[in-house]
2 protein chains.
Amino acid sequence: MATTVQDVARAAGVSAATVSRVFNGGRVTAERAERVRRAAAELGFAPNRVARSLRTQRASVIGLLIPDIENPFFTAMARGVEDAAQQTNLSVVLCNTDEDVDKERRYLEVAMAEQMAGVIVAAASRDRTDLSVLEGRRMPVVAVDRRPRGSDVDVVLVDNARGSEDATAHLLARGYRRIACITGPRGASTAEERLAGYRTALADHAREHPELAAGGGMERPDEWTRFADFRVEGGHKAMTDLLARPERPDAVFVANNLMAVGALQALREAGVSVPGFGVLSFGEVPWAPMVDPSLTTVRLPSYDLGWTAATLLQDRIAGTPRPLQTVVLRTALEIRDSTAGPRA
Amino acid sequence: MATTVQDVARAAGVSAATVSRVFNGGRVTAERAERVRRAAAELGFAPNRVARSLRTQRASVIGLLIPDIENPFFTAMARGVEDAAQQTNLSVVLCNTDEDVDKERRYLEVAMAEQMAGVIVAAASRDRTDLSVLEGRRMPVVAVDRRPRGSDVDVVLVDNARGSEDATAHLLARGYRRIACITGPRGASTAEERLAGYRTALADHAREHPELAAGGGMERPDEWTRFADFRVEGGHKAMTDLLARPERPDAVFVANNLMAVGALQALREAGVSVPGFGVLSFGEVPWAPMVDPSLTTVRLPSYDLGWTAATLLQDRIAGTPRPLQTVVLRTALEIRDSTAGPRA
DNA sequence: GTGAAAGCGCTAACAC
DNA sequence: GTGTTAGCGCTTTCAC
């Protein structure tokens with residue numbers, strides 16, 4: 001059907017091996033190489049990657065497993081991966097694991113069976129995501145955004161704890177005193193790190209201002225925290241729940257963008273007005289500048305996360321010897337109107 | 001390295017052919033099949049898809065080419081494709097063409113070289129997207145959302161003209177009289193169909209209410225139209241441009257969601273208040289209910305679009321004989337506050 | 001039903 | 001440098 005190296009070889013009067021060398025940077029005299037190239041162009045030859053993969057045991061495709069393709073954070077990351085992958089002519093296969101460990105495992109199996117060159121994984125779960133299958137087959141892997149437990153792979157992370165700490169400190173500085181937190185599911189490293197940053201900031205503040213802590217009403221911080229699902233629905237439910245507390249919070253730190261949408265909806269429905277009630281979202285929302293009042297957010301380095309991960313992966317694929325790395329990228333606080341202060 | 005059919009065959013005391021038959025529904029006695037399955041499970045055998053593809057000349061992967069992975073419309077579509085593909089255990093490879101015909105061509109070549117089972121394409125351009133390469137190799141193709149010229153393939157479309165007509169009619173019914181239109185690039189079928197629907201509605205209205213048309217100031221509808229790029233930036237520029245007209249519009253019909261974001265930004269900057277100035281977006285925006293005032297939109301059947309396309313593609317892959325189809329899916333008008341009327 | 005053998009298209013080892 | 005040869009792991013005749 002399609003033209004093969006053999007066809008090109010015949011047309012150019014050389015052997016199949018020579019054709020292969022022309023297309024893979026082997027040593028061939030300029031004159032013959034030219035002949036091969038012309039014949040190939042004439043016949044519309046394109047190397048069959050499947051055959052190449054079977055032979056070399058290595059594909060020119062990398063897999064990118066993300067938990068939610070509808071989350072702009074991950075699509076921006078995907079773009080970063082894609083742009084970096086183009087450096088070495090790798091194609092990127094996007095797989096949506098849907099925060100589902102089983103689906104994720106199936107995709108990892110696909111990656112193996114397809115002999116992909118490597119995989120970048122934003123793990124569905126810190127505990128239950130198992131990358132050992134890949135490590136067993138020595139497939140290059142980079143974990144991104146979330147660090148799966150017990151895997152010896154390169155990792156590219158967001159500085160979640162620091163970003164959350166800064167964000168919470170900002171809320172405190174603006175005068176909010178009963179700051180609730182809506183975080184992601186237990187077991188997700190991002191959820192726990194963001195929660196940890198929030199608590200650190202509260203604890204620091206209490207230590208520095210013991211007079212406030214005494215009457216501030218946040219003696220048991222656990223009660224001001226809700227674990228949700230990183231989705232709109234969960235954010236909505238958690239916010240509604242927090243508002244029903246006997247002691248109402250006066251601000252909320254939400255650990256991702258989608259839940260922030262849900263929280264805002266809940267506040268609207270309850271007739272609570274922002275920024276009298278402060279709202280801060282960890283993770284940019286594309287429409288943040290649009291909402292009234294505009295939303296203060298922690299901007300994540302999503303594109304860079306993908307770009308860095310893909311670059312690391314390409315090093316591994318090339319076999320560059322290098323110790324395992326953990327790269328941590330910084331966030332940036334984008335102060336807008338939703339945290340203007342309780343009396344604003 | 002990994003276990004092969006040979007290993008399993010040896011362990012089960014049968015031939016490689018038998019192992020293959022067990023995994024592909026060939027006729028094997030129950031007793032031997034059981035032995036093979038046990039051996040396979042024990043050795044952790046998974047068929048090498050690359051080798052299978054090379055042999056059968058057909059992969060269990062389908063390609064999905066979309067112009068913008070950061071647009072929620074396309075990611076929702078991707079989900080539809082993915083869900084439908086699971087019916088026959090196909091994996092979905094997502095490729096981001098970035099509205100770039102060259103990039104698109106490269107990905108089509110990848111699809112060929114990887115011997116994908118089929119491709120679903122949301123074309124980057126109606127005129128310049130060329131699917132003939134695939135047709136030449138008899139690769140199953142379904143075009144989605146955009147109909148590329150001169151290609152004989154199944155197509156799944158949105159009823160753009162009708163949706164736009166309904167939307168524009170709604171603006172007229174609410175009392176807006178100088179309705180501008182921001183549409184996509186010339187050459188994009190969606191852009192032109194949406195524009196056509198807008199014009200149809202205006203023309204119908206002028207015919208039915210000649211008394212309004214005379215003084216309504218919309219004699220030359222071309223001047224109320226801007227062709228932009230389907231992105232935030234373009235929407236912003238087009239809106240700014242329209243507001244600078246000597247005769248200001250009192251409403252705008254924006255042909256996609258991202259440009260609507262840009263248009264809203266421009267309106268804000270210009271101090272124009274909605275819904276005194278009406279805004280209607282073709283294409284849902286995830287945050288539509290959040291913006292104040294909430295945005296009236298035309299809801300697109302994005303998920304269904306992907307689902308339908310994938311189903312058609314699977315029929316083609318299976319070789320089901322069937323004439324070429326064009327499936328058109330309906331939109332729905334979601335009336336919210338941004339089109340309450342010029343005096344609201 | 002089952003096994004032996006051939007071959008998908010490519011590249012790596014080896015001899016020249 | 002170049003060609004010849006072998007083989008990646010699988011499926012599919014073709015005999016039996």
Side-chain angles (χ1 to χ4, degrees), chain A residues 1-37 39-40 43-61 89 109-110 112-117 137-139 319, chain B residues 1-37 39-40 43-61 109-110 112-117 137-139:
Chain A
M1 185 83 229
T3 55
T4 73
V5 276
Q6 301 290 350
D7 302 328
V8 177
R10 224 181 343 262
V14 299
S15 76
T18 300
V19 175
S20 171
R21 286 182 190 115
V22 169
F23 280 86
N24 293 284
R27 255 149 269 289
V28 181
T29 47
E31 185 263 333
R32 296 172 77 101
E34 186 45 37
R35 243 164 52 214
V36 168
R37 253 185 282 276
L43 298 171
F45 169 76
N48 179 326
R49 294 201 197 192
V50 177
R52 172 182 287 165
S53 297
L54 179 58
R55 177 63 232 229
T56 61
Q57 307 284 37
R58 164 152 301 182
S60 55
V61 171
N89 273 319
E109 277 160 17
V110 169
M112 309 267 304
E114 296 279 359
Q115 317 255 57
M116 289 182 189
R137 289 230 216 163
R138 285 212 274 282
M139 174 164 303
Chain B
M1 186 79 230
T3 57
T4 73
V5 275
Q6 301 290 351
D7 302 329
V8 178
R10 227 183 337 266
V14 300
S15 78
T18 301
V19 176
S20 172
R21 286 184 189 111
V22 169
F23 280 88
N24 294 283
R27 257 149 269 289
V28 181
T29 46
E31 186 262 333
R32 297 171 76 101
E34 186 44 40
R35 243 162 54 211
V36 168
R37 253 186 281 276
L43 297 171
F45 168 75
N48 179 326
R49 293 202 196 193
V50 176
R52 173 183 284 166
S53 297
L54 180 58
R55 178 61 231 233
T56 61
Q57 309 284 37
R58 165 151 300 181
S60 55
V61 171
E109 278 161 16
V110 169
M112 309 267 303
E114 296 280 359
Q115 317 255 56
M116 289 182 189
R137 289 229 216 164
R138 287 212 272 282
M139 172 164 302

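Since the structure is predicted, the reported quantities are computational estimates derived from the model, not experimental observations. Letters go in sequence order (proteins before strands), and every chain restarts at 1.
A:F23 comes within contact range of no nucleotide atom at all, as no heavy-atom separation falls under 4.0 Å. Backbone-only engagement by B:V14 is indicated by non-hydrogen atom pairs under 4.0 Å involving sugar-phosphate atoms exclusively.
For the side-chain contact (heavy atoms from CB on, under 4.5 Å) test, residues two or more places apart in sequence or in another chain that qualify with B:E109 are B:R105. Residues passing the side-chain contact (heavy atoms from CB on, under 4.5 Å) test with A:E34 are A:R37, A:R38, sequence neighbours excluded. Taking B:S15 as the reference, B:A17, B:T18 meet the side-chain contact (heavy atoms from CB on, under 4.5 Å) condition, with sequence neighbours excluded.
Remark: A:Q57 is in phosphate contact with D:dG9, judged by side-chain N or O atoms under 4.0 Å from OP1 or OP2. At the phosphate of C:dG3, OP1 or OP2 sits under 4.0 Å from a side-chain N or O atom of B:S15.
One interatomic measurement links the two molecules: CG of B:N48 to P of D:dT11, which rounds to 9 Å at whole-angstrom precision. Whole-Å rounding puts the B:L54 CG to D:dT11 C1' distance at 10 Å. The distance from atom CZ of B:R52 to atom P of D:dC10 is 9 Å, rounded to the nearest whole Å. Whole-Å rounding puts the B:R35 CZ to C:dG1 P distance at 16 Å. As a whole-Å value, the separation of A:R10 CZ from C:dG9 C1' is 13 Å. Straight-line distance from the CZ atom of B:R49 to the C1' atom of D:dT11: 16 Å, rounded to whole Å. Atom CG in B:D7 sits about 11 Å away from atom P in D:dC8, given to the nearest Å. Look at CD on B:Q6: it is 12 Å from P on C:dA5, rounded to the nearest Å.
We find the CE-OG distance between B:M116 and B:S60 to be 11.0 Å, quoted to the nearest 0.5 Å.
Using a 4.0 Å cutoff on non-hydrogen atoms, the parts of residues 27-34 of chain B near DNA chain C are B:R27, B:V28, B:T29, B:R32, ordered by number.
The list of salt bridge (Lys or Arg N to Asp or Glu O under 4.0 Å) pairs with a residue in residues 43-52 of chain B, not counting sequence neighbours, reads A:E114-B:R49. The salt bridge (Lys or Arg N to Asp or Glu O under 4.0 Å) contacts involving residues 15-33 of chain B comprise B:E31-B:R35, where partners must be two or more places apart or lie in separate chains.
The shortest distance between side-chain heavy atoms of A:V36 and A:V14 falls below 4.5 Å.
Taking every heavy atom of both residues into account, A:V50 and B:S53 meet most closely at CG1-CB, 3.7 Å. Contact detail for B:A113 and A:P47: the closest heavy-atom pair is CB-O, 3.7 Å. Considering all non-hydrogen atoms of both residues, A:M112 and A:M139 come closest at CA-CE, 4.2 Å. The shortest heavy-atom contact between B:A51 and A:L54 is CB-CD1, 3.7 Å.
Note on the helix from C:dG1-D:dC16 to C:dC16-D:dG1: angle between the axes of the first and last five pairs equals 40°, rounded to 10 degrees.
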Sequence neighbours excluded and cut-off under 3.5 Å, please list the side-chain donor-acceptor pairs for residues 5-13 of chain A, or say none.
residue	atom	partner	partner atom	Å
A:D7	OD1	A:R10	NH2	3.0
A:D7	OD2	A:T4	N	2.8

Under 3.5 Å, which protein N or O atoms sit close to an N or O of nucleotides 12-16 of chain D? Give each pair with its distance.
residue	atom	partner	partner atom	Å
D:dT12	O4'	B:R55	NH2	3.4

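Looking at the side chain of B:V5, the nearest of the listed nucleotides C:dG9, D:dC10, D:dG9 is D:dC10.
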